[in-house]
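Let me begin by presenting the structure, written as structure tokens, before commenting on it.
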Amino acid sequence: MSQMANDDPARSFSKDLERGPSVLGHHRNGSNASLPGGIGSAISSSDSSILGDPDQPDLGEEWGPQHPCYPHLNPHVPLNSPEYTSTRIIRIRRDWLIEGDLAPTFSNLYPEILDPAGVSEQEFRRVIEKLNGELIPIFNPYNWRNVLDGVLGLLTGWVWDDLGLTYAKTRLRSLESWIDKWNIEMEKAAGSEEGVIAPRIISLRRTGYMNLDFQIPDPEIAPATSEASGSRSGPNMPTEPNPAVLPDSPMGA
């Protein structure tokens, strides 16, 4: 039996028990090339983690939904509204290198497509600094106010939390009010020109704090193939090909 195992090295197991036989791992690694760019590569290295393969190339320069300047369809308005056709969303990713998953923080990489929409680079960085500076202490579990709120919630049977008196809920309401004021200021700045759509920041509660969405006028840039083939109403499914007819088949007669 040992002779047969040595003669078939392709089926030997690696030290990584989750990978199985090396022959299966070879086919699985080879299939990573067909994965969509937005999903990321599979976990396939000894130094792997849930964040994905560290050797994955940076797709930020390729035009598509992963590009910082890509205008996404607006999912925050009804399909039959004028805003759905006249506005687009510029999505700012979360920056996991600042606080990890301890608090939601956003990248300060400036999308230049915001400049003609009315958001300068200086204003963009001011917004990011404001949001990150507020969100880090709000979501910090070691903040003494959060610890106190946890104790009070436990002693009151979570009535303290239901009343909305916690530090986190109070600060988040204040942050949402600041976003509303910023949107009003942008509308006032663009109000002097007729037909101009002012940029807006979508509520962080609506995006689940997973990204920061700027609503801007449609820049009329051609979308990528992956998003042009589908919309919120459903992707355009390819038609089923006609069956092949061979010369000597009964169908060809």
What are the two closest heavy atoms between [X] and [Y], and how far apart are they?
{"X": "Phe139", "Y": "Pro104", "answer": "CD1-CD, 3.5 Å"}
{"X": "Pro219", "Y": "Arg88", "answer": "CD-CG, 4.0 Å"}
{"X": "Val127", "Y": "Phe214", "answer": "CG1-CZ, 4.4 Å"}
{"X": "Ser107", "Y": "Phe124", "answer": "O-CZ, 3.9 Å"}
{"X": "Leu204", "Y": "Phe106", "answer": "CD2-CZ, 3.8 Å"}
{"X": "Leu102", "Y": "Pro141", "answer": "CD1-CD, 3.2 Å"}

**Q.** Remaining members of the apolar cluster that contains Tyr142, side-chain heavy atoms under 4.5 Å
**A.**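 Noted: Tyr142 shares its cluster with no other residue.
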**Q.** Carboxylate-amine/guanidinium contact Arg126 Glu123, below 4.0 Å
**A.**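 Result for this pair is yes, salt bridge flagged.
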Q) Can a salt bridge be assigned to the pair Glu185 and Lys181 using a cut-off of 4.0 Å between side-chain N and carboxylate O? A)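 Salt bridge between Glu185 and Lys181, a charged N being under 4.0 Å from a carboxylate O: no.
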Should [X] and [Y] count as side-chain neighbours, where that means a heavy-atom distance under 4.5 Å?
{"X": "Gln215", "Y": "Ile202", "value": "yes"}
{"X": "Tyr110", "Y": "Ile128", "value": "no"}
{"X": "Ile90", "Y": "Cys69", "value": "no"}
{"X": "Leu172", "Y": "Tyr209", "value": "yes"}
{"X": "Glu112", "Y": "Glu121", "value": "no"}
{"X": "Pro111", "Y": "Ile92", "value": "yes"}
{"X": "Ile197", "Y": "Ile216", "value": "no"}
{"X": "Thr105", "Y": "Trp96", "value": "no"}

Which value, rounded to the nearest 0.5 Å, describes the distance between [X] atom [atom1] and [Y] atom [atom2]?
{"X": "Leu135", "Y": "Leu175", "atom1": "CG", "atom2": "CG", "value": "5.5 Å"}
{"X": "Asn74", "Y": "Ile89", "atom1": "CG", "atom2": "CD1", "value": "4.0 Å"}
{"X": "Glu134", "Y": "Ser174", "atom1": "CD", "atom2": "OG", "value": "6.5 Å"}

Q. Relative to the ring of Tyr70, is the ring of His72 parallel (under 30°), tilted (30 to 60°) or perpendicular (over 60°)?
A. perpendicular
**Q.** Working for side-chain contact (heavy atoms from CB on, under 4.5 Å), residues Thr170 and Leu165
**A.** CA-CA 7 Å; Thr170 303; Leu165 302 176; 5.8 Å; no
Q: Start with the C-alpha distance between Arg125 and Glu129, add both sets of side-chain angles, then the distance that settles salt bridge (Lys or Arg N to Asp or Glu O under 4.0 Å), and finish with yes or no.
A: CA-CA 6 Å; Arg125 299 192 184 280; Glu129 183 179 358; over 6 Å; no
Q. Under the side-chain contact (heavy atoms from CB on, under 4.5 Å) criterion, do Val159 and Leu163 qualify, and how do the steps go?
A. CA-CA 6 Å; Val159 176; Leu163 295 177; 4.0 Å; yes
Q. Hey, which of Arg206, Arg91, Arg93, Arg205 is the one that makes salt bridge (Lys or Arg N to Asp or Glu O under 4.0 Å) with Asp213?
A.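 Of Arg206, Arg91, Arg93, Arg205, salt bridge (Lys or Arg N to Asp or Glu O under 4.0 Å) with Asp213 is met by Arg91 alone.
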Q. Can you list the residues that meet the salt bridge (Lys or Arg N to Asp or Glu O under 4.0 Å) rule with Glu99, with sequence neighbours excluded?
A. none
Q. Using a distance-only test with no angle check, is there a side-chain donor-acceptor pair under 3.5 angstrom linking Asp218 and Ser86?
A. no
Q: Treat each ILVMFWY residue as a node, draw an edge where side-chain heavy atoms are under 4.5 Å apart, and state whether Ile113 and Trp63 are in one component.
A: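 Yes, because Ile113 and Trp63 connect within a single hydrophobic cluster, where side-chain heavy atoms sit under 4.5 Å apart.
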(Q) Are Met210 and Leu109 connected into the same hydrophobic cluster when the rule is that any two of I, L, V, M, F, W, Y join if their side-chain heavy atoms are below 4.5 Å apart? (A) no
Q.
Please evaluate residues Met186 and Arg200 with respect to the criterion side-chain contact (heavy atoms from CB on, under 4.5 Å), reporting the C-alpha separation (whole Å), side-chain torsions for both, the decisive distance (0.1 Å), and the verdict.
A. CA-CA 7 Å; Met186 291 294 103; Arg200 292 181 55 87; over 6 Å; no
Q. Stepwise, does the side-chain contact (heavy atoms from CB on, under 4.5 Å) test hold for Leu212 with Leu131?
A. CA-CA 10 Å; Leu212 176 64; Leu131 296 180; 3.8 Å; yes
**Q.** Sequence neighbours excluded, every pair satisfying side chain to side chain donor-acceptor pair (under 3.5 Å) that has a member inside residues 153-165
**A.** Asp149-Trp160
